[in-house]
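Single-structure report; data block below.
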Amino acid sequence: MQNRVYNFSAGPAVLPEDVLKEAQENLFALPGVGMSILEISHRSKTFDKIIDEAKADLRSLLDINDDYDLLFLQGGASLQFSMVPVNLMPPKNKADYILTGSWSKKALKEAKRVGAVNVAATTESENFNRIPKQEELKLDPDASYVHFTSNNTIFGTEWHTEPNVGNVPLVCDASSDILSKKIDVKKYGVIYAGAQKNMGPSGVTLVIIRKDLLERSSDSLHTMLNYKIHAENGSMYNTPSTFGIYIIGLVAKWLIKNGGLDAMYKTNKEKAGLLYKCIDESNGFYKGHALPDSRSLMNVTFRLATEELEKKLISEATAAGFDGVKGHRSVGGLRASIYNAFPKKGVEDLVKFMKEFQSKNG
Ligand SMILES: *Cc1c(COP(=O)(O)O)cnc(C)c1O
């Protein structure tokens with residue numbers, strides 16, 4: 001097998017090696033089926049079993065009860081920026097959005113096409129280096145829902161507890177931290193996540209939706225934009241991303257086998273802790289973008305004194321087998337995305353590399 005480098009990409013991102021190997025082994029023909037996952041009908045018994053098991057395993061990992069439906073849709077998290085408001089904003093046509101980065105701004109942009117949107121809080125003037133505090137939120141108790149982004153992939157900040165929104169349904173874009181830790185799903189109306197950060201390949205989006213909210217979807221909506229129709233058809237109104245769902249299923253089994261989300265969370269804290277420690281102990285050589293109490297366990301963002309030094313570090317790191325560490329242009333510097341499947345050894349090696357770089361260039 002070809003050598004693999006350490007993949008710090010923000011997404012599509014690293015997947016568990018066991019999952020890749022199993023998918024590779026069975027790609028030519030699924031055991032006992034004689035056809036590839038890429039060739040079978042989404043209406044077949046084989047696929048029924050794959051999608052049902054994926055849902056059951058996700059339900060068990062996240063402790064999701066029967067008040068919720070699980071949908072596998074397409075169009076990425078970006079289509080959810082539109083589906084959420086067209087389905088959930090009427091009839092009041094007003095919603096609260098908490099802005100903590102580029103993705104929540106994009107969600108807001110689509111919501112504005114549907115109704116009146118209140119920015120309940122924003123940290124944009126601080127270049128989104130922190131999560132707003134509860135007392136900063138200016139929530140409308142009569143809003144149709146409150147939208148927030150649980151992990152800000154670009155800026156490297158993460159909510160460590162959900163905003164408290166009373167009885168208004170809470171809607172969360174969890175694309176880049178879903179399955180990284182346990183959450184109390186009962187606090188949410190909708191959770192959506194593109195698979196390609198922490199769950200699987202691109203091309204499939206998980207939507208967890210409280211069933212009573214499906215009643216808000218109007219019959220006048222375009223069919224493919226209607227949550228209720230997708231729910232009634234078990235995510236098979238049209239052909240779903242069969243391969244994507246298959247891989248999500250394998251990832252869910254891998255998570256269960258490795259101790260579930262509590263074990264994942266513990267490892268994620270250790271991995272991120274190593275990098276933040278290196279940043280904090282560098283005497284200012286490395287400067288973290290996120291304020292300490294808002295730091296993400298998934299995306300660690302930091303800068304150096306000059307762009308020249310950043311370029312040098314990125315190119316030396318890439319040459320040494322640390323791929324994808326260049327930061328997003330809106331923050332600059334570096335970003336290490338260390339999702340569930342990213343090995344702890346890779347973080348340890350990066351830290352060693354960063355320390356050596358500092359001693360040569362500090
Ligand atoms: C990557 C990302 C998106 C966009 O996902 P697509 O699947 O490309 O539409 C949205 N929100 C967050 C938090 C992301 O990290």
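Values reported hereafter were calculated over all heavy atoms of this structure, with side chains retained and with hydrogens, waters and symmetry mates removed. In each ligand, atom 1 is the first atom listed, and ligand 1 is the first ligand listed.
The pair E270-K266 meets the salt-bridge criterion, since a charged nitrogen lies less than 4.0 angstrom from a carboxylate oxygen. By the 4.0 Å N-to-carboxylate-O rule, R130 lies close enough to E126 to be salt-bridged with it. Salt-bridge annotation for D140 and K92: absent, with no side-chain N of the basic residue lying under 4.0 Å from a carboxylate O of the acidic one. Classification of E158 and K181 as a salt-bridged pair holds, one side-chain N sitting under 4.0 Å from a carboxylate O.
Residue-ligand proximity, A77 to ligand 1, at heavy-atom distances under 4.0 Å covers atoms 3 (C), 4 (C), 5 (O), 6 (P), 7 (O), 9 (O), 10 (C). Taking every heavy atom of F81 and a limit of under 4.0 angstrom, the matching atoms of ligand 1 come to 10 (C). Close approach of ligand 1 to G76 (heavy-atom distance below 4.0 Å) involves ligand atoms 7 (O), 9 (O). Listed by number with element, the atoms of ligand 1 under 4.0 Å from a non-hydrogen atom of Q196 are 5 (O), 6 (P), 7 (O), 8 (O). Counting the atoms of ligand 1 from 1 in the order shown, those under 4.0 Å from a heavy atom of K197 are 1 (C), 2 (C), 3 (C), 14 (C), 15 (O).
Scanning all protein heavy atoms for the shortest distance to atom 9 (O) of ligand 1 gives S78 OG, 2.6 Å. Closest to atom 15 (O) of ligand 1 among all protein heavy atoms lies T153 OG1, 2.5 Å. Nearest protein heavy-atom neighbour of atom 11 (N) of ligand 1: D173 OD2, 2.6 Å.
Between H147 and F81, the ring-plane angle classifies as perpendicular under the 30° and 60° cut-offs. Below 30°, between 30° and 60°, or above 60°: for F353 and F357 the angle between ring planes is below 30°, a parallel geometry.
D349 and Y6 share a side-chain donor-acceptor pair at under 3.5 Å.
Considering backbone and side-chain N/O atoms, T149 never comes within less than 3.5 Å of an N/O atom of ligand 1. Between G194 and ligand 1, not a single N/O pair is under 3.5 Å apart.
For the pair N151 and ligand 1, a heavy-atom separation below 4.0 Å is found.
Looking at E53, its side chain never comes within 3.5 Å of a backbone N or O of G249 through a donor-acceptor pair.
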